[in-house]
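Below: the structure, in structure tokens.
Just so we're on the same page: letters track the sequence lines, and every chain starts at 1. As the structure is a computational prediction, the values presented were derived from the model and not from experiment.
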4 protein chains.
Amino acid sequence: MGRKKAYTESELLDMTKKLLLEHGYEGFHVKLLSQHLIGARSTIYQYYANKEEIVAACMKRVIIKVIEKASAVDESNPMVALQQLLQVYVEESEFHQLLGDANKINAGVSVAVAQDLEYIEQSHEILKVQLMRLFGRSLQEGHLREDIPIPALISVFFNLVNAPNMMKLPLSKWSGLLFDMWLNGAKR
Amino acid sequence: MGRKKAYTESELLDMTKKLLLEHGYEGFHVKLLSQHLIGARSTIYQYYANKEEIVAACMKRVIIKVIEKASAVDESNPMVALQQLLQVYVEESEFHQLLGDANKINAGVSVAVAQDLEYIEQSHEILKVQLMRLFGRSLQEGHLREDIPIPALISVFFNLVNAPNMMKLPLSKWSGLLFDMWLNGAKR
Amino acid sequence: MGRKKAYTESELLDMTKKLLLEHGYEGFHVKLLSQHLIGARSTIYQYYANKEEIVAACMKRVIIKVIEKASAVDESNPMVALQQLLQVYVEESEFHQLLGDANKINAGVSVAVAQDLEYIEQSHEILKVQLMRLFGRSLQEGHLREDIPIPALISVFFNLVNAPNMMKLPLSKWSGLLFDMWLNGAKR
Amino acid sequence: MGRKKAYTESELLDMTKKLLLEHGYEGFHVKLLSQHLIGARSTIYQYYANKEEIVAACMKRVIIKVIEKASAVDESNPMVALQQLLQVYVEESEFHQLLGDANKINAGVSVAVAQDLEYIEQSHEILKVQLMRLFGRSLQEGHLREDIPIPALISVFFNLVNAPNMMKLPLSKWSGLLFDMWLNGAKR
DNA sequence: GATGAATGAGTTTTCATTCAT
DNA sequence: GATGAATGAAAACTCATTCAT
């Protein structure tokens, strides 16, 4: 039967994600990864041909989860949908930070990398389209100010997920608060 | 006496800043820096003993500029002051991203590094205190909602500077827009 | 599992010792070492984190051997013991020259270095204590001149090991000769 | 008239000697030297074309002094002469340690180096001849044991200068003690 | 499958020496 | 003469990746 796997592929990608968030793309090393897993560094190459593949696979897995959750959002009421979407993004807030480095990955090292990168880009596009759709409908239905350019509206909305949750509120409460502030402003 | 310098220290630090923003702290290399300056890599070591000193000096210079601008803000009216402060932060928006990596610098490599780091930390504190002061007064004077916890209010305010200015508006206009959105919300 | 090593750790330390004696502490380079071993320079770093660790490990190994031999000396008759001890020191005469540079090693580079250095120092102390003990008893028993200060007696005794054996006599004969000269002098 | 010299050539060579003794030949650097002198590093190259010339000049100066003192020794009584010679060597005891590295100097870098090295070697020879002459006469006149091979006698005699003067006795007293021990031995 | 060992390319840093003012 | 600036060669170390058991 051969030896038992020291760790699952999922564990490997989880650790990769953790280390990417901690050290950034350029600070992520296979050596570092292996030090946080049991087993030898060379064993990692049984699963992935090179560093780039690991990172790309990690990013792909992350965005898949986001897409899954985002497509489960009920879009019948666009404002409610936006609020729910914000919660999804807040829950998966690292994905934004993480995928920000996707363009740094050298796609040339292997086809697998190129494919994953392609997949990621398409997923990104899907999310963007969904967001535009919801914003469009919200505007049409007169829920949002028209004196603010839509890109600015979106930019600020999307950027909310990076606001540090300093009080460590539960995410559903925190995302509610953020949505409230975005919608109603800070003014008394 | 001696030859004339190939580049000024200021040019070196400017380039350092640019590269740090482009490649992140872990992606910044002395070799990379030297490739973007005239002359040999070793020349850089005439002015800085090691990589860390370069980065620390760069960060210090950046925060000095922010502190300068921030202390020039007229605080007689706290809400006006907040708006002006936001503009300062937006103008120097990289400083946030840049200094986020300050804690990655190994202070142990030389005293110069440790001192710069200390200076940076203190400056950070000064900025925080100013922000708290203005928020405190704004609340007292009844300008801000009291149903939102102050940390949340601040977190979102401060986070605004990272919202991408996708339309490339002039910074004064863009920061005005951001302040407006933060204060009055997105709702019609 | 894994390949078989190209050289043993012992071979590495032997070569290190040879090169240290040949070139001195400051003239010892990892590059030099690798050129005298099979394989690439970087391989050495699989076993030792830095140059200092190599040198410290080498010195430790040398002094361990000396301690071993020195503690095997029968001390029932102090003068006989001194003669035997001199032979040990002559046989391992490089150890003196080698360990003279121990204080040049920067203990700060890693814990391994600091520990080895500590070990070396303690071993040195043990040897010194043994020597003092034997000299003390020899004096008590009236074997040595009392008009010479003991430190001078010891200094000269210990220094004998550095006298070059120009005739390449067998070490047991050479050390016997040295002891004879030290004890009885050169005068007819 | 030009600028005033920052330091004399003699001061430069004195410092060179000090640093050579402290750090060994391989640990001696022009940078280090310049840090212990006033003025710029490049100024040193006004006096010496390269590092080797500095070291060679230093060694030459040292041996000249030894030769001077050694030739002033009155040789009418060989044993008295030996004692006086020992004192000379003890006074200049660093010269032994210093010149031990003369062979490490790459004579090929410049003629000046080659010439100094040649001079040093000849001086060495002169000293050796003098020593042999005195030993020869001492033996002839029956002052020394004949059961000890002459090379051993000389080796031990010469090696005395390296015995550490731990009690910091005045050199004339210390060299007298050493000669006494060498001649009469340690036995009661 | 797993892994210890090996390695070459890349990065940081140091230093002797030369250049230009 | 003196010196600040520049530089290339060399050393120390790191790390992704391959090899062989």
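Each of C:L32 and C:G2 has a nearest nucleotide on DNA chain F; the 5'-most of these lies closest to C:L32. Comparing D:S42 and C:N50 by the nucleotide of DNA chain F whose heavy atom lies nearest to each, the residue mapping closer to the 5' end is D:S42.
Applying the Watson-Crick and G-U wobble criteria (two distances, each under 3.5 Å), E:dT21 pairs with F:dA2. Nucleotide E:dT11 has F:dA12 as its partner under the Watson-Crick or G-U criteria, with both atom distances under 3.5 Å.
Atom NZ of D:K31 and atom P of F:dT3 are 18 Å apart (whole Å). Note: CD1 (D:I38) to P (F:dG4) measures 13 Å, nearest angstrom. Rounded to whole angstrom, the span from the CG atom of D:L37 across to the C1' atom of F:dT3 amounts to 15 Å. Here the C1' atom of nucleotide E:dT11 and the CD atom of B:Q35 are 11 Å apart, to the nearest Å. Put simply, CZ on C:R41 is 15 Å from P on E:dG10, counting in whole angstrom units. For the pair C:L12 CG and E:dA6 C1', the interatomic distance rounds to 14 Å; values are reported in whole Å. Atom NZ of B:K51 and atom P of F:dC13 are 16 Å apart (whole Å). Nucleotide F:dT7 holds its P atom 14 Å from the NZ atom of B:K4, rounded to whole Å.
Contact check, C:Y47 against E:dA6: a side-chain N or O comes under 4.0 Å of OP1 or OP2. Phosphate contact (OP1/OP2 of E:dA16, side-chain N/O of D:H29, threshold under 4.0 Å): present. Put simply, C:T43 has no side-chain N or O that comes within less than 4.0 Å of OP1 or OP2 on E:dA5.
C:Y7 comes within contact range of no nucleotide atom at all, as no heavy-atom separation falls under 4.0 Å. At a threshold of 4.0 angstrom between heavy atoms, the contacts of C:Y48 with the nucleic acid are absent.
At least one donor-acceptor pair under 3.5 Å links the side chain of A:T16 to the backbone N or O of A:L12.
Evaluation of atom-type donor-acceptor distances gives no pair under 3.5 Å for the side chain of B:Q46 against the base of F:dA5.
A salt bridge between D:K104 and D:D101 is present, with a side-chain N of the basic residue lying under 4.0 Å from a carboxylate O of the acidic one. Between C:R61 and C:D116, no side-chain nitrogen of the basic residue sits less than 4.0 Å from a carboxylate oxygen of the acidic one, so the salt-bridge criterion is not met.
With contacts defined as side-chain heavy-atom distances shorter than 4.5 Å, the pair A:Y7/A:D14 does not qualify.
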Residue pair B:E53, B:S110: steps toward the side-chain hydrogen bond (donor to acceptor under 3.5 Å, both in side chains) verdict: CA-CA 8 Å; B:E53 280 191 16; B:S110 76; 2.7 Å; yes
